[in-house]
Asker: 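Can you read through this structure? Questions will come right after.
A note on names: the letters A, B, ... follow the listed sequences, proteins ahead of strands, and every chain is numbered from 1.
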Number of protein chains: 2
Amino acid sequence: MLFSKSCEYALRATMYLAQMESNEKVGIKVIARDLNIPADYLNKVLQTLVQQQLVSSAKGRNGGFYLTKNELNKPLINIVHAIDGKEVFYRCGLGIKNCSSKKPCPLHNDIKAYRDNIKIALSNNSIASSRSQIDSGEVFLSK
Amino acid sequence: MLFSKSCEYALRATMYLAQMESNEKVGIKVIARDLNIPADYLNKVLQTLVQQQLVSSAKGRNGGFYLTKNELNKPLINIVHAIDGKEVFYRCGLGIKNCSSKKPCPLHNDIKAYRDNIKIALSNNSIASSRSQIDSGEVFLSK
DNA sequence: GTGCTTATATGATCTATGTCATGTTTTTTT
DNA sequence: AAAAAAACATGACATAGATCATATAAGCAC
């Protein structure tokens with residue numbers, strides 16, 4: 001439970017969109033079905049991403065969600081920041097207010113080391129970079 | 001937010017009790033004040049630990065919570081298992097049902113490494129082991 | 001044994017998160 | 001221009017987690 005459910009949905013949907021051909025729009029129902037996520041809820045999450053200009057959308061017939069080239073090149077961590085904020089990577093694992101590297105809690109170093117790891121991975125990998133991994137069957141977004 | 005708040009409280013309270021002299025009982029109000037946790041809520045959490053025989057308690061005047069030698073030697077991970085269950089260490093970071101090492105999600109490997117390490121640290125360190133670190137001022141449980 | 005102090009048990013309330021439902025606006029098609 | 005299809009916006013509802021509150025039971029001191 002590192003990320004909120006909204007954030008998990010956001011990451012999966014974004015990676016899903018990254019698999020599409022450039023500018024191919026996908027309707028919310030299709031995304032929701034493919035990823036096994038409640039459509040109305042995912043809709044709400046994606047709206048937030050659209051507002052933050054991390055995902056694009058088009059209304060009307062044949063409309064849907066899609067990623068521009070510019071958006072594809074943004075790091076995945078932007079999605080996390082948009083939904084869960086930056087705090088997820090810094091909050092003390094024991095909930096201690098003044099926990100820091102100078103005054104660490106007993107779990108601080110272990111938790112920091114590996115949270116940093118995820119943070120770096122999400123910062124270095126663009127949204128687009130997940131595409132090749134998924135295409136090759138190396139990793140999966142659903143069964 | 002790796003652990004639930006209840007679990008954070010449980011870990012902190014247990015480490016706190018580990019600092020006491022053998023068999024010294026501490027009332028809930030004192031623990032709650034020192035750790036800056038709502039007393040009634042912490043009370044509930046500690047009751048669970050008592051039921052699971054991870055913490056001991058005594059009723060009546062001069063009663064309170066304490067740790068036996070046997071309890072001091074148990075690994076910290078028992079606390080996590082008692083409150084949050086074993087699942088915390090295994091649930092997919094993107095909430096994908098069938099995520100596994102054989103069919104990993106894009107974040108699987110990064111998250112796995114992160115959590116395994118914490119799991120190992122909590123498994124290898126006994127409740128008592130936190131005492132020396134805290135005594136020496138190396139780590140802290142509150143400001 | 002009486003009274004006080006403490007844990008124990010239970011449940012009510014609050015809050016945040018997640019889900020569902022409805023209506024509105026925009027765009028395309030005919 | 002009308003109709004349909006889609007995102008957009010808003011709010012109601014459900015659930016779980018966290019907090020607060022009250023009553024009960026057990027043990028100690030005198």
Asker: Side-chain heavy atoms nearer than 4.5 Å, only ILVMFWY residues, links allowed to pass through others: does that put B/I120 and B/F89 together?
Answerer: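 Different clusters: B/I120 never reaches B/F89 through Ile, Leu, Val, Met, Phe, Trp or Tyr contacts under 4.5 Å.
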
Asker: From NZ of A/K25 over to C1' of D/dA7, roughly how many Å is that when rounded to an integer?
Answerer: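 It is 13 Å, rounded to the nearest whole Å.
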
Asker: Can you tell me if A/R115 uses its side chain to pair, donor with acceptor, with the backbone of A/V88 under 3.5 Å?
Answerer: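 Yes, A/R115 side chain to A/V88 backbone: donor-acceptor pair under 3.5 Å.
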
Asker: Any residue in residues 3-14 of chain A with a heavy atom nearer than 4.0 angstrom to DNA chain C? Just list them by number, or reply none.
Answerer: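 Within this stretch, A/S4, A/K5, A/S6, A/Y9 sit under 4.0 Å of the strand.
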
Asker: Begin from the C-alpha positions of A/E71 and A/I127 and carry the test side-chain contact (heavy atoms from CB on, under 4.5 Å) through to its verdict.
Answerer: CA-CA 8 Å; A/E71 287 162 348; A/I127 293 170; 5.6 Å; no

Asker: Just to confirm, is there a sub-4.0 Å distance from OP1 or OP2 of C/dT27 to any side-chain nitrogen or oxygen of A/N62?
Answerer: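 For C/dT27, neither OP1 nor OP2 has a side-chain N or O of A/N62 closer than 4.0 Å.
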
Asker: Rounding to a whole Å, what distance do you find between B/L35:CG and D/dT19:P?
Answerer: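 The distance from CG of B/L35 to P of D/dT19 comes to 14 Å, rounded to the nearest Å.
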
Asker: Taking only heavy atoms on the protein side, list every residue of residues 39-55 of chain B lying under 4.0 Å from any atom of DNA chain D, sorted numerically.
Answerer: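 The answer is B/D40, B/Y41, B/K44.
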
Asker: Expressed in angstrom and rounded to an integer, what is the separation of A/R61 atom CZ from D/dA5 atom C1'?
Answerer: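 After rounding, the gap between these two atoms is 6 Å.
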
Asker: For B/S4, is there any backbone N or O sitting under 3.5 Å from a side-chain donor or acceptor partner on B/D84?
Answerer: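 Yes, because the side chain of B/D84 sits within donor-acceptor range (under 3.5 Å) of the backbone of B/S4.
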
Asker: Decide, yes or no, whether a salt bridge links A/R131 with A/D135 under the criterion of side-chain N to carboxylate O below 4.0 Å.
Answerer: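 The answer is no: the pair does not qualify as a salt bridge.
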
Asker: What's the CG-P distance between A/L17 and D/dA7, to the nearest Å?
Answerer: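 After rounding, the reported distance stands at 11 Å.
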
Asker: Do other residues, nucleotides or ligands put more than 12 heavy atoms under 6.0 Å from B/Q53 CD?
Answerer: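 No.
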
Asker: Once you round it to whole Å, what is the distance between P of C/dT27 and OH of A/Y66?
Answerer: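 Spelled out: OH on A/Y66 to P on C/dT27 is 11 Å.
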
Asker: Compare side-chain N and O positions of A/S57 against OP1 and OP2 of D/dA6 and report whether any pair is under 4.0 Å apart.
Answerer: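 It does not, given that no N or O in the side chain of A/S57 lies less than 4.0 Å from OP1 or OP2 of D/dA6.
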
Asker: Which atom names give the shortest non-hydrogen contact between B/V55 and B/Y66, and what distance separates them?
Answerer: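 Here B/V55 and B/Y66 meet closest at CG1-O, 3.7 Å.
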
Asker: Treating Ile, Leu, Val, Met, Phe, Trp and Tyr as nodes and any side-chain heavy-atom pair under 4.5 angstrom as an edge, say whether A/L76 and A/Y90 lie in one connected cluster.
Answerer: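 As far as the 4.5 Å side-chain criterion goes, A/Y90 and A/L76 are connected within one cluster.
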
Asker: For the pair made of CG in A/D84 and P in C/dA16, what is the distance, rounded to whole Å?
Answerer: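 After rounding, the gap between these two atoms is 15 Å.
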
Asker: Write down the distance between CD1 (B/I28) and C1' (C/dT8), rounded to a whole number of angstrom.
Answerer: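 Result: 12 Å.
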
Asker: Could you tell me the separation between the NZ atom of A/K59 and the P atom of C/dT28, rounded to a whole number of Å?
Answerer: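 Rounded to whole Å, this separation is 12 Å.
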
Asker: Do you know which two heavy atoms are closest between B/V80 and B/C7, and how far apart they sit?
Answerer: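 Heavy-atom minimum between the residues: CA-SG, 3.8 Å.
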
